[in-house]
Visitor: 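Before anything else, here's the structure in question.
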Amino acid sequence: MQKNYTPPQQLPSILRSLESCKSMEDLKQIHSIILKTKHFQTQLVWTKFISFCALSPSACTKAKALREGEGIHCYSVKTGVLSDVYVKNTLMRLYAVCGLCHAVKKLFEGSAQRDLVSWTTLIQAYANMDLPEEAVRVFLEMGETELRADEMTMVIVLSACSKLKDLNLGRKLHWYMSDNKVNLDVFVGNALVDMYLKCGDVDFACKVFKEMPEKNVVSWNSLIAGLTHQGKCKEALNVFRRMQSEGVKPDNVTLVGVLNSCANLGVLELGEWVHSYIGRNPIKPDGFIGNALVDMYAKCGRIDQAFEVFKNMKKRDVFSYTSMIVGLAMNGQGEKALQFFSEMSMVGVKPNGVTFIGVLSACSHVGLVEEGKRHFKEISSLYKIEPQMEHYGCMVDIFGRAGLIAEALEFVRIMPIEPDAFVWGSLLGACKTYGRVELAETIMKKLIEVEPDKDGAYVVMSNIYSSANRQKDAIQIRKTMKQRKMKKIPGCSVIELNGVIHEFRRGDKSHLRTKEIYSMLDEVMNRLTVEGFMTKTSDVSVDLVHVEKAQSLCQHSERLAIAFGLISTKSRTPLRIIKNLRVCSDCHCVTKFISRVYQREIIVRDRNRFHHFIDGSCSCNDFW
DNA sequence: GTAGGGTTAG
């Protein structure tokens with residue numbers, strides 16, 4: 001190595017050439033100049049040169065960089081330049097960027113001198129190739145040497161740990177950091193917040209976030225996206241509001257996180273605000289943002305707006321199409337969903353597993369049995385995707401809803417994976433729709449086996465007994481639930497008014513306008529009687545009105561939300577309700593009634609799909 | 001003066 005050989009005034013010229021290098025030709029030329037000019041052949045120049053090959057996607061593709069790198073590699077071996085740790089680490093980096101873990105490992109293992117950067121580069125190579133276990137293994141191996149990780153190493157190891165979702169490991173890494181005096185700089189802090197969230201420790205993530213001495217937009221993004229991912233969408237939106245009030249400017253990543261939370265919660269107003277914010281700021285509604293907008297509108301029941309964004313996007317990928325397909329399916333527009341699916345194949349966008357969940361649920365909602373069967377077959381035969389539990393569940397649903405109970409049972413019998421609660425639940429639902437009480441009893445037992453501590457099976461079974469006029473059995477089931485202290489998933493409905501999210505639980509009395517809400521409900525039920533609505537509904541038990549009055553203290557959450565919507569908005573304003581469970585048939589009836597008598601469009605998103613109630617009927621055609 | 005860093009979708 002000829003470190004101090006170069007006359008200092010000549011050295012910057014080649015470095016300047018490197019910086020202004022714009023094409024592969026330039027790079028090759030520079031390479032040959034270096035090879036011809038002995039005094040250029042220094043550690044610094046080689047390091048810069050290789051680094052340039054590795055890191056400049058404008059100048060060359062990975063494959064070209066790789067070829068160049070291999071040339072340098074041979075040359076370095078011949079001349080002995082490779083014995084220099086800087087050159088070697090940079091070459092390792094080049095291979096890492098090209099995804100060649102094996103080459104990185106080989107260089108690393110053949111190296112007599114390994115510093116922290118060598119270890120970190122190897123760890124990074126594994127982490128980037130989606131081999132987080134290997135990355136962590138190498139990190140632990142480094143612990144057996146005298147080297148200790150610094151901030152940069154920790155960031156990479158923490159992000160590998162996030163991928164593994166291993167909270168125990170994450171905690172150990174955190175301890176390692178305090179033992180080895182790794183600073184909580186903004187990168188490390190962000191990686192820690194992300195790690196705790198992905199590993200499911202929301203409280204600790206918030207604690208780290210709070211204690212970070214320096215924050216940037218990525219810190220906020222990590223928290224918002226992480227909370228959204230953990231299903232803490234309301235919290236995520238609160239963090240966004242705090243971010244706004246602290247004057248931190250959101251970027252694309254922030255807005256994608258916010259839109260996802262809006263989609264999950266079904267809060268259209270804030271979603272629309274984000275859309276207008278994008279319009280007012282230099283953010284293109286494309287890629288991640290475009291897809292998140294499509295998804296938000298679709299999940300908020302505005303499929304028209306979803307399509308508007310979709311068609312204006314420059315590039316539509318599998319995410320854009322899948323959002324539309326899933327959205328259309330949820331909104332009961334199964335045929336259109338299938339049209340999007342065929343368009344997608346025509347323009348050459350390859351579907352994935354989630355796309356097929358959308359396709360099959362579209363078939364299920366519309367009752368297209370043969371289409372569903374054909375698409376299910378194609379998942380593996382044509383698209384080489386292994387069907388997952390959700391796909392089997394959809395098929396059972398398709399058969400069950402169409403009343404093909406025998407087919408559904410046979411499908412479950414021969415499916416290659418053990419059926420889960422969703423599959424048994426679908427079957428149980430079918431038994432309810434088609435009055436198969438005895439079969440329901442068998443299936444309920446299966447459902448309880450796979451989901452012993454949830455109430456779903458009991459609730460449906462008790463409803464099945466009720467509809468079959470077996471009140472005694474229904475009451476018995478309710479008793480059993482009480483005895484076994486079943487975990488009940490509380491029904492919860494949300495309505496957004498002027499940007500404020502109002503949440504109602506069953507029988508909720510915590511709202512500021514509770515009195516008005518309940519008197520509105522009374523009025524609704526009285527009008528129901530007067531209009532004789534009950535006589536028009538065959539699927540609801542005869543003394544619905546009587547029972548409702550008796551149970552006036554424990555109203556279902558969506559009725560509270562609707563009543564609140566009626567008293568808080570101008571006449572004819574559509575009401576949008578999001579419910580965490582499925583709508584029960586009683587509430588479905590009552591909502592149809594309200595939509596007619598009060599002339600309100602009511603859009604309810606339940607756990608599975610949308611119900612658009614207009615003038616006494618529902619878009620699901622009472623089939624859900 | 002040289003090499004290694006965090007967040008985003010269905």
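Residue numbers begin at 1 in each chain, while the letters A, B, ... track the order of the sequences. All values below come from the heavy atoms of this structure, side chains included, with hydrogens, waters and symmetry mates left out.
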Visitor: Whole angstrom is fine here: how far is it from CG in A:L255 over to P in B:dT8?
Guide: 15 Å

Visitor: Short question: side chain of A:D295, backbone of A:N291 - any donor-acceptor pair under 3.5 Å?
Guide: no

Visitor: Whole Å only: how far is the CZ atom of A:F40 from the P atom of B:dG1?
Guide: 20 Å

Visitor: Compare the minimum distances between each of B:dA3, B:dT8, B:dG5 and the side chain of A:V188, then state the nucleotide with the smallest one.
Guide: B:dG5

Visitor: In whole angstrom, what separates A:I123's CD1 from B:dG5's P?
Guide: 12 Å

Visitor: Write down the distance between CD1 (A:I224) and P (B:dA9), rounded to a whole number of angstrom.
Guide: 13 Å

Visitor: Of all the nucleotides listed (B:dA9, B:dA3, B:dG5), which has the minimum atom distance to the side chain of A:N291?
Guide: B:dA9

Visitor: Calculate the interatomic distance between A:I357 atom CD1 and B:dA9 atom C1'; express it in whole Å.
Guide: 14 Å

Visitor: Between B:dT7, B:dA9, B:dG4, spot the one nearest the side chain of A:V253, thanks.
Guide: B:dT7

Visitor: Could you work out which one of B:dA9, B:dG5, B:dT2 sits closest to the side chain of A:D317?
Guide: B:dA9

Visitor: Is the Lys NZ or Arg CZ of A:K105 less than 6.0 Å from the centre of A:F108's six-membered ring, within 45° of the axis?
Guide: no

Visitor: Run the salt-bridge test on A:D150 and A:R148 with the 4.0 Å N-O cut-off and return the result as yes or no.
Guide: no

Visitor: Does B:dG4 have OP1 or OP2 under 4.0 Å away from a side-chain N or O of A:R93?
Guide: yes

Visitor: Would you kindly check whether a donor in the side chain of A:T121 faces an acceptor in the base of B:dG4, or vice versa, at under 3.5 angstrom?
Guide: no

Visitor: Side chain of A:L44 only, heavy atoms from C-beta on: which candidate in B:dG4, B:dT7, B:dG1 is closest?
Guide: B:dG1

Visitor: Whole angstrom is fine here: how far is it from CG in A:D84 over to P in B:dG1?
Guide: 18 Å

Visitor: Select one nucleotide: of B:dT7, B:dG4, B:dT2, the one nearest the side-chain heavy atoms of A:I156.
Guide: B:dG4

Visitor: Given B:dT8, B:dA9, B:dT2, identify the nucleotide with an atom nearest to the side chain of A:F319.
Guide: B:dA9

Visitor: Quick check for you: among B:dA3, B:dG5, B:dT8, whose closest atom lies nearest to any side-chain atom of A:E151?
Guide: B:dG5

Visitor: Could you give the CE-to-P distance, from A:M212 to B:dT7, as a whole number of Å?
Guide: 13 Å

Visitor: If I take atom NZ in residue A:K163 and atom P in nucleotide B:dT7, what distance separates them, rounded to the nearest angstrom?
Guide: 8 Å

Visitor: Does the Lys NZ or Arg CZ of A:K215 fall within the cation-pi geometry relative to A:F209 - under 6.0 Å from the ring centre and within 45° of the axis?
Guide: yes

Visitor: Please classify the nucleic acid contact of A:V318 as base, sugar-phosphate, or nothing, using heavy-atom distances under 4.0 Å.
Guide: base

Visitor: Could you check whether A:R137 pairs with A:E133 (Lys NZ or Arg NE/NH1/NH2 to Asp/Glu carboxylate O, under 4.0 Å)?
Guide: no

Visitor: Which is true for A:A225 with a 4.0 Å heavy-atom rule: it touches a base, it touches only sugar-phosphate, or it touches nothing?
Guide: sugar-phosphate

Visitor: May I ask you to decide if A:D606's main-chain N or O and A:R582's side chain share a donor-acceptor pair within less than 3.5 Å?
Guide: no

Visitor: Determine the contact category for A:K215: base if any of its heavy atoms lies under 4.0 Å from a base atom, sugar-phosphate if only primed atoms, P, OP1 or OP2 are that close, otherwise nothing.
Guide: nothing

Visitor: Name the closest nucleotide to the A:N221 side chain, picking from B:dA3, B:dT7, B:dA9.
Guide: B:dT7

Visitor: Which part of the nucleic acid, if any, lies within reach of A:T120 when heavy atoms closer than 4.0 Å are counted: base, sugar-phosphate only, or nothing?
Guide: base

Visitor: NA contact type, A:D194, heavy-atom cut-off 4.0 Å: base, sugar-phosphate, or nothing?
Guide: sugar-phosphate

Visitor: With a non-hydrogen cut-off below 4.0 angstrom, is A:T254 in contact with a base, only sugar-phosphate, or nothing?
Guide: nothing

Visitor: Return the nearest nucleotide to the side chain of A:L116; candidates are B:dG4, B:dT7, B:dA9.
Guide: B:dG4

Visitor: Kindly confirm or rule out a cation-pi arrangement of A:R316 over A:Y321, judged by NZ or CZ under 6.0 Å from the six-membered ring centre and within 45° of its axis?
Guide: no

Visitor: Determine: side-chain N/O of A:K88 to OP1/OP2 of B:dT2, distance under 4.0 Å, yes or no.
Guide: no

